[in-house]
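Let me begin by presenting the structure, written as structure tokens, before commenting on it.
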Amino acid sequence: MSIWSYANPRKFLETTAPWVPWLMWLSAAVLAVGLVWGFFFTPEAERFGSSVKIIYLHVPSALMAINAWLMMLVASLIWLVRRHHVSALAARAAAPIGMVMTLIALVTGAIWGQPMWGTWWAWDPRLTSFLILFLFYLGYIALWAAIPDPDSAADLTSVLCLVGSVFAILSRYAVNFWNQGLHQGASLSLDSQENVADVFWLPLLVCMAGFVLLFVSLVLLRTGTEIRARRIAAMRARARRAEPVRA
Amino acid sequence: MMDLGKYAAEVISAWGISLALLGGLVWWTIARDRKVRAELERTERDHG
Amino acid sequence: MRALLARDLRLAVRAGGGFGLGLAFFLIVVVLVPFGVGPETAILARIAPGILWVAALLAALLSLDRIFALDHEDGSLPLLATAPLPLEMLALAKALAHWITTGLPLVVAAPLLGVLLHLPGAAMPWLLVSLALGTPALSLIGTFGAALTVGLRRGGLLMSLIVLPLYVPVLIFGAEAARRGAEGLPAATPLLLLAGIALGCAALLPFATAAALRVTLR
Amino acid sequence: MRALLARDLRLAVRAGGGFGLGLAFFLIVVVLVPFGVGPETAILARIAPGILWVAALLAALLSLDRIFALDHEDGSLPLLATAPLPLEMLALAKALAHWITTGLPLVVAAPLLGVLLHLPGAAMPWLLVSLALGTPALSLIGTFGAALTVGLRRGGLLMSLIVLPLYVPVLIFGAEAARRGAEGLPAATPLLLLAGIALGCAALLPFATAAALRVTLR
Amino acid sequence: MERGGMPVLTGVSFRLAPGQGLVLRGANGIGKTTLLRTIAGLQPQLSGSIEGAGERAGYASHADGIKPALTVTETLQFWADLYRSTLPEEVFDLFDLADLRDRSAGTLSAGQGRRLGLARLAVISREVLLLDEPTVSLDAFSVKRFASFLRDHHLARGGIAVIATHIDLGLDLPEMDLTPYRAAPEARGGSDEAFL
Amino acid sequence: MERGGMPVLTGVSFRLAPGQGLVLRGANGIGKTTLLRTIAGLQPQLSGSIEGAGERAGYASHADGIKPALTVTETLQFWADLYRSTLPEEVFDLFDLADLRDRSAGTLSAGQGRRLGLARLAVISREVLLLDEPTVSLDAFSVKRFASFLRDHHLARGGIAVIATHIDLGLDLPEMDLTPYRAAPEARGGSDEAFL
Ligand code: HEM
Ligand SMILES: Nc1ncnc2c1ncn2[C@@H]1O[C@H](COP(=O)(O)OP(=O)(O)OP(=O)(O)O)[C@@H](O)[C@H]1O
Ligand SMILES: Nc1ncnc2c1ncn2[C@@H]1O[C@H](COP(=O)(O)OP(=O)(O)OP(=O)(O)O)[C@@H](O)[C@H]1O
Ligand SMILES: [Mg+2]
Ligand SMILES: [Mg+2]
């Protein structure tokens, strides 16, 4: 059986529905472990003081903000090429999650910036590109919401997601070029682990795993919701057509 | 309660806002799912 | 395609959305900014390229909904779409007409506007080249955004929201080139990148625009 | 009159010209300006009040043609004019709806926008008061200009030209008050003058607007 | 009600009592719309007088002034509010809009949109209705329905109606052909007169 | 030319040879406009096929797409250019526009504007004309004139016409009532199917 059979809405629901609650609980547990560990059982960093604890929310949410967009891009491509409804709806389901992740990264970063850089906001490249990413999410979600016909909405948002991805990459480079910035480098890359001591790194890893799990379970749940909503709309449309035009 | 030093306000507000956002997202997702499920059941009964 | 371009330009001129409006807009911005930020020469000169670039972008953004909305409302759009002209060409013609009414006036008037804002003379050629390269890209991107939102409720707001992040790279490279030029730094890199973006937009975006139009016309 | 106001606001919200568009516009300006002029804090802080005031003025100016033009095009305006509502009230309702969609959002969002532009905290109250007093005057003046040019070819351009000089005093006093406030100088005089202008506009301009409408509706 | 003299039409004159209607006829461009707009007070007559219209008149033009973003109910509610009346339930039945209540006006078919435009007239309930080609786009059944609305709901209750139309409404109203009133080239009027 | 199946209409099917016309009938909202748009290729059919239209078809909608700022001649010239044909002098006579040549389209009366919209069809000279209520707002004389244009200039030269209308054009064309083709409730189609 090919993987595409899961693109049938009914089959998708049947397969995922039993899993979703368990996944939710699992992600809650992993998140709880990571966050409690990070909040209560990590030391302070010498340069950051206790403010380093913000990292356990800041970095995972920043990662997920980008990964959610990547997932939407893949799902949009699948919809455009193979026209599987589930993938269009999954892209739609992922967007608000990605947007909240972006918002968390922005807010935690802004709050962190006040003690570290002495300002809430700086036009630093990474901050700026997150602001732009946030705008992309907003536009994408608003476009979905504004188009009444679901297929047209799926088509147009997919085109936007494709074009938007290209421009998101462009603006990342543009922003880097424009301002060299205050923000930390990517010191978390796997080959340079020595930058961050294990005391910070391990709980952070758990938090990241928790965020990934949370994202997956929320996307599955929301996709199911979207499918059910479409089913309601389809049944109502059929019922409406049954009524005579004129008595 | 543990001592967060001079950054207490920042850390707590950052965590508070973030957890509130996460919680809100989860709550909204689940609430909407419940609503749609109930609606679907009703629709299936009416127009089934 | 030439017929469509001619019609759009004629309509723009007659309805007051043409060259004249573009020029008036830039003049307004340039007159207002000194009233707003105060008359000090040093500051004005420092922000002049940025202000002109932001003005170009606002002018493009705010005139986008004219691109398709009017034709949609009065029913011309389906008639145009059934004419023997590929939708890609329609998209290109619309973008070109938009550029001629919003981008070109700025390029033409930039020397005068620069003087009003005390832009140093050496910066002028850089500003001109960056505007000449960047504004067509703004029109092409905007046409795409307009096609995505034809006929939607909240179309105007949505379009700004969608188009704005797409505009960022153009704005950054454009303003950066002009600024570096003004300060005597090497400005070739941002200009080249800008040219690359403009070419890429011209080559690819009409297809995306046509695809979007096909969907919105349904 | 309340019905008309409610309708206009609802239409604005639905069509994306409402509160949302106002906010989006200011956010756009505030995001674009640093991209344009560069990220240096000192310069941004220096030009922040001026930029916000110019943005308020542009937002008002650019949305003026929506005030009557849409109702004129789809034939609602004659229907509204034959309704049992004095034209003066129509003018006032239209101006109020315009202010709620363009002026109010700016007043509300100014604190956030100020942070993004690094506006010093002490300047904030002055900026807010000056905007709260000045933006209603902008809407009233704009409604008058819109009424003068309903249904004219080139209406948009003409309107900008007519309205712009009328806007200049408001801009000067408003931006001056905000700037003096930011620099800790006494700012009461320009604020009082601004308040005077706003009151005068509210008391007199609706009559002029109604008179203009009566002529343009012929 | 009287009026006379203008560059398009000249010498037109009629008077209608409560409960009477009048159908205006004439080729395209003869001036029916112009006449109705003048009676509605939207443009000044060059000479002559119009009595009794003004506040009491409701005008329906070629364009329905329908906002695509509002729903059918919202549209009618707006006009009801503006004219300080309430929105009677019966209009939805009278104009066969019951099924379309919550549809946004932009998605209506041509005839459905026209029905909405006409329903507005029932909502604002003016004594004098000035109707410019009210039945355009309507199918035969809807035309009949509208005609019976006019007869039973409007004229029977003492209303007055002046209707410009090219088709036969099936109402037994007096007709007035505007062709003879076409302004002759030397008919003067308006402010040009002062310069001739 | 064939087509079938969609949520509004289902099972509609017809074939027209050169020189033939077809009149579509049906109550408001039955789906005439929808059918014509589908044939014109503006919206996809849910199932079934349409052959031979496409490039050869010219579509005229409810709205004329007239720009108030252009004059009558400019409007027609634009369509001629867009369709790469020339603007034949005779259209001005055919549609009685000779006197209005240089008037800007915004000042035309309703029927004059409609005549301009129809004149466009003569300018673009497509083999297949898809006409949606072409005679709305026209007076009796203009209707006759348009009917004879269709008969003598279009059908007689091997053209095809599909016309949706509520009135009688006085042409001797076969009629097709769409009422029986109303999509039945269980008619499935479109992407909703995947969710039912
Ligand atoms: C609104 C503001 C901010 C945004 C949008 C933001 C965004 C990001 C992103 C996207 C990452 C992930 C980078 C990666 O893993 O490669 C990151 C990591 C990080 N951020 Fe921020 N940031 C912001 C403010 C701050 C501030 C104010 C600080 C502290 C002074 C900070 C400290 C860090 C640290 C320490 C990391 C981990 C970097 C690493 O070592 O890889 N961020 N931030
Ligand atoms: N602004 C204008 N300038 C010049 N002529 C005009 C203007 N507006 C209208 N006209 C002309 O005035 C005449 C009367 O127009 P009106 O709209 O009253 O006609 P009508 O009888 O309603 O026609 P229809 O049946 O086509 O609606 C027409 O010949 C029209 O072309
Ligand atoms: N966007 C939409 N959403 C829901 N229903 C729609 C939409 N657009 C059209 N309809 C409905 O589809 C049906 C067919 O409309 P269509 O315009 O084809 O009718 P028509 O036969 O041309 O009617 P008329 O004679 O009034 O022009 C109508 O009942 C209409 O209300
Ligand atoms: Mg008329
Ligand atoms: Mg129709």
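Below, read A as the first sequence line, B as the second, and so on, with proteins coming before strands; counting in each chain starts at 1.
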To the nearest 0.5 angstrom, please state how far the [atom1] atom of [X] sits from the [atom2] atom of [Y].
| X | Y | atom1 | atom2 | value |
| --- | --- | --- | --- | --- |
| A/Met235 | B/Asp46 | CE | CG | 8.5 Å |
| A/Thr225 | B/Leu40 | OG1 | CG | 11.0 Å |
| B/Glu10 | A/Thr108 | CD | OG1 | 12.5 Å |
| A/Arg236 | B/Thr43 | CZ | OG1 | 4.5 Å |

Legend entry - SB check B/Arg32 A/Glu226 (cutoff 4.0 Å): yes
Legend entry - A/Trp37: ring pair (Phe, Tyr, Trp, His ring centres under 6.0 Å) partners, not counting sequence neighbours: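 Expected list: none.
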Legend entry - Region of A/Ile97 in contact with chain B, defined by heavy-atom distances below 4.5 Å: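 Interface part for A/Ile97: both.
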Legend entry - chain B contact via A/Leu57 - side chain, backbone, both or neither, heavy atoms under 4.5 Å: side chain
In residues 16-30 of chain B, what donor-acceptor pairs under 3.5 Å come from side-chain atoms, sequence neighbours left out?
unit_1  : atom_1 : unit_2   : atom_2 : d
B/Ser18 : OG     : B/Ala14  : O      : 2.7
B/Thr29 : OG1    : A/Arg222 : NH1    : 3.0
B/Thr29 : OG1    : B/Leu25  : O      : 2.7

Legend entry - Student check: side-chain heavy atoms of B/Lys35 and A/Arg228 closer than 4.5 Å: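 The answer is no, as the side chains (C-beta and beyond) never meet within the 4.5 Å cut-off.
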